Amino acid sequence: MERFRLKNIIILILVLLNAFLLFSLAQRRASERDAFRRTAEQLSALFQEDGMTLEPGAISQALPPDGVSLTRDTALEEQAAAFLLGDAPVSSDQGGGIFHYAGAAGEALFRSSGGFEAAGTLAEEDVEDVCQDFCRAFSYDIPDVRLDEEGSGIFTAQGVYNKLPVFNCTVTFTVEQGVLTAVSGTLLPKTGTAVSGEAPLSAAGALLAFQQMRRESAAVASTVTDARLCYELQTAGTAMSLAPAWQIVTDTEDYYVNCLTGAVTAGAARTGEAVP
């Protein structure tokens, strides 16, 4: 009988402990929601004072990823060269971190900074599919291929790492009368080493940095519609790295805020857009 009572007491203590933990967790989440709501209201008021609209869904609660240190992947470069030039292209070391590839379809250069360029008759049939397959194989967004009546055009696709877009990393395709004649851009290694450091800027902090930049530079923008996580490609000599960043989407153009330094950079053409 005493053992039965002791068991019931232990169960009761565990139930009360779980209830207390659930109550504490609910209180913490409620406090976080209240703090976030106040931050959103203050930011909206600040933007409104400067004549800008900050849409309600523009302040993300997502946490930025760690930075990434990248190491050159020559095997990946060989695969890219074979894709564009044909199987078993001949490679040679040009020095200075530059590798040259020659194949049946043309020639290509790959640099230690990640930059590459290929030229020749790279594809004569199903050009749109070839470009899209290259992007799938080497981590770019799928481009919107738009050619003129003669089958010519230049278009870009943005690099992707761990499902996040990478600012400053694109690939450009040149098509002339239905023939893919050139491909150039930056080839990112598919794996890297996480680099943790100081606490990165939240979306709210990035929006404040953007607003400060707008005040100082008189950038033309009247509405902020979104803040999205991304990476910013950084190169120094032969070293490549990815810094977490926020993409600030406005009614005029996109801006990128480095999560570690707070630096704000105006963006280039968006993914899939044709280059005039």
Side-chain angles (χ1 to χ4, degrees), residues 70-192 231 233 235 237-238 240 242 267-276:
L70 299 173
T71 302
R72 184 178 190 177
D73 187 344
T74 54
L76 185 68
E77 294 174 0
E78 291 176 6
Q79 293 172 23
F83 186 105
L84 296 171
L85 307 178
D87 293 337
V90 178
S91 65
S92 60
D93 187 347
Q94 303 292 296
I98 300 174
F99 282 86
H100 175 266
Y101 292 86
E107 296 179 306
L109 292 175
F110 288 81
R111 297 176 175 80
S112 57
S113 61
F116 76 96
E117 60 226 23
T121 305
L122 306 180
E124 297 181 274
E125 298 179 354
D126 302 321
V127 171
E128 294 90 341
D129 292 339
V130 170
C131 296
Q132 292 173 351
D133 287 345
F134 182 88
C135 290
R136 291 188 186 96
F138 299 101
S139 302
Y140 301 92
D141 275 338
I142 305 304
D144 179 14
V145 180
R146 290 177 286 177
L147 304 178
D148 61 21
E149 294 179 355
E150 296 181 351
S152 301
I154 301 174
F155 52 93
T156 65
Q158 189 168 37
V160 176
Y161 186 87
N162 281 350
K163 299 181 180 181
L164 289 179
V166 181
F167 172 54
N168 281 348
C169 175
T170 60
V171 61
T172 299
F173 301 91
T174 301
V175 181
E176 299 178 7
Q177 297 182 344
V179 177
L180 179 63
T181 59
V183 180
S184 62
T186 302
L187 182 68
L188 286 180
K190 293 188 176 182
T191 58
Y231 285 107
L233 174 62
T235 58
T238 61
M240 289 187 292
L242 299 176
R270 293 172 186 168
T271 302
E273 292 186 350
V275 177

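When a residue number appears, it is its place in the shown sequence, counting from 1. Quick caveat, the model's predicted, so the values are computed rather than measured.
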Can you measure from CG (L109) to OG (S92) and round to the nearest 0.5 angstrom?
8.5 Å
Aromatic plane relationship, F134 with F83 - under 30° parallel, 30 to 60° tilted, over 60° perpendicular:
perpendicular
For V130 versus E125, what's the shortest heavy-atom pair and its separation?
CG2-O, 3.9 Å
Scanning both residues in full, the closest heavy-atom pair of T74 with Y101 reads O-OH, 4.2 Å
From S184 OG over to I154 CD1, what is the distance, rounded to the nearest 0.5 angstrom?
9.0 Å
Report yes if the side chains of C169 and L188 come closer than 4.5 Å at any heavy-atom pair, otherwise no.
yes
In sequence, state the C-alpha distance, the side-chain angles, and the governing distance for V127 and V179, and then conclude on side chain to side chain contact (heavy atoms under 4.5 Å, CB included).
CA-CA 7 Å; V127 171; V179 177; 5.8 Å; no
Beyond-backbone contact of F138 with Q79, side-chain heavy atoms, under 4.5 angstrom
yes
If I take atom CG from residue L164 and atom CD from residue Q158, how far apart are they, to the nearest 0.5 angstrom?
10.5 Å
D73 side chain to A75 backbone, donor-acceptor under 3.5 Å
yes
Is the shortest heavy-atom distance from the side chain of K190 to the side chain of S139 under 4.5 Å?
yes
On a heavy-atom basis, which atom in L180 and which in C131 lie closest, and how many Å separate them?
CD1-SG, 4.1 Å
V175 side chain near F155 side chain, heavy-atom distance below 4.5 Å
yes
Please list, chain by chain and in numerical order, all residues satisfying side-chain hydrogen bond (donor to acceptor under 3.5 Å, both in side chains) with Q132, sequence neighbours excluded.
none
Looking only at heavy atoms, which two atoms of E107 and L85 are closest? And how far apart?
N-CD2, 3.7 Å
Any chance you could measure Y140, atom OH, to T186, atom OG1, to the nearest 0.5 Å?
6.5 Å
Return yes if a side-chain donor-acceptor contact under 3.5 Å exists between T174 and E176, otherwise no.
no
Could you pull out the closest heavy-atom pair between V171 and C135, with the gap in Å?
CG1-SG, 4.3 Å
For D148 and G151, indicate whether the former's side chain and the latter's backbone hold a donor-acceptor pair under 3.5 Å.
yes
Backbone N/O of Q177 and side chain of S152: donor-acceptor pair under 3.5 Å
yes
Please report the C-alpha distance between L70 and L242 in whole Å, then the side-chain angles of each, then the deciding distance to 0.1 Å, and finally whether the side chain to side chain contact (heavy atoms under 4.5 Å, CB included) criterion is met.
CA-CA 8 Å; L70 299 173; L242 299 176; 3.9 Å; yes
Separation between CG (L233) and CG (N168), nearest 0.5 Å, reads 6.0 Å
Do side-chain atoms of R72 reach the backbone of G97 as a donor and acceptor pair under 3.5 angstrom?
yes
Between E117 and V183, is the side chain to side chain contact (heavy atoms under 4.5 Å, CB included) condition met? List the steps.
CA-CA 6 Å; E117 60 226 23; V183 180; over 6 Å; no
CA sep, side-chain torsions, deciding dist, call: Y161, Y231, ring pair (Phe, Tyr, Trp, His ring centres under 6.0 Å)
CA-CA 8 Å; Y161 186 87; Y231 285 107; 5.8 Å; yes
Heavy atoms only: give me the nearest V145-E128 pair and the separation to one decimal.
CG1-CG, 3.4 Å
Value rounded to 0.5 Å, distance of OG1 in T170 from CG in D141:
11.5 Å
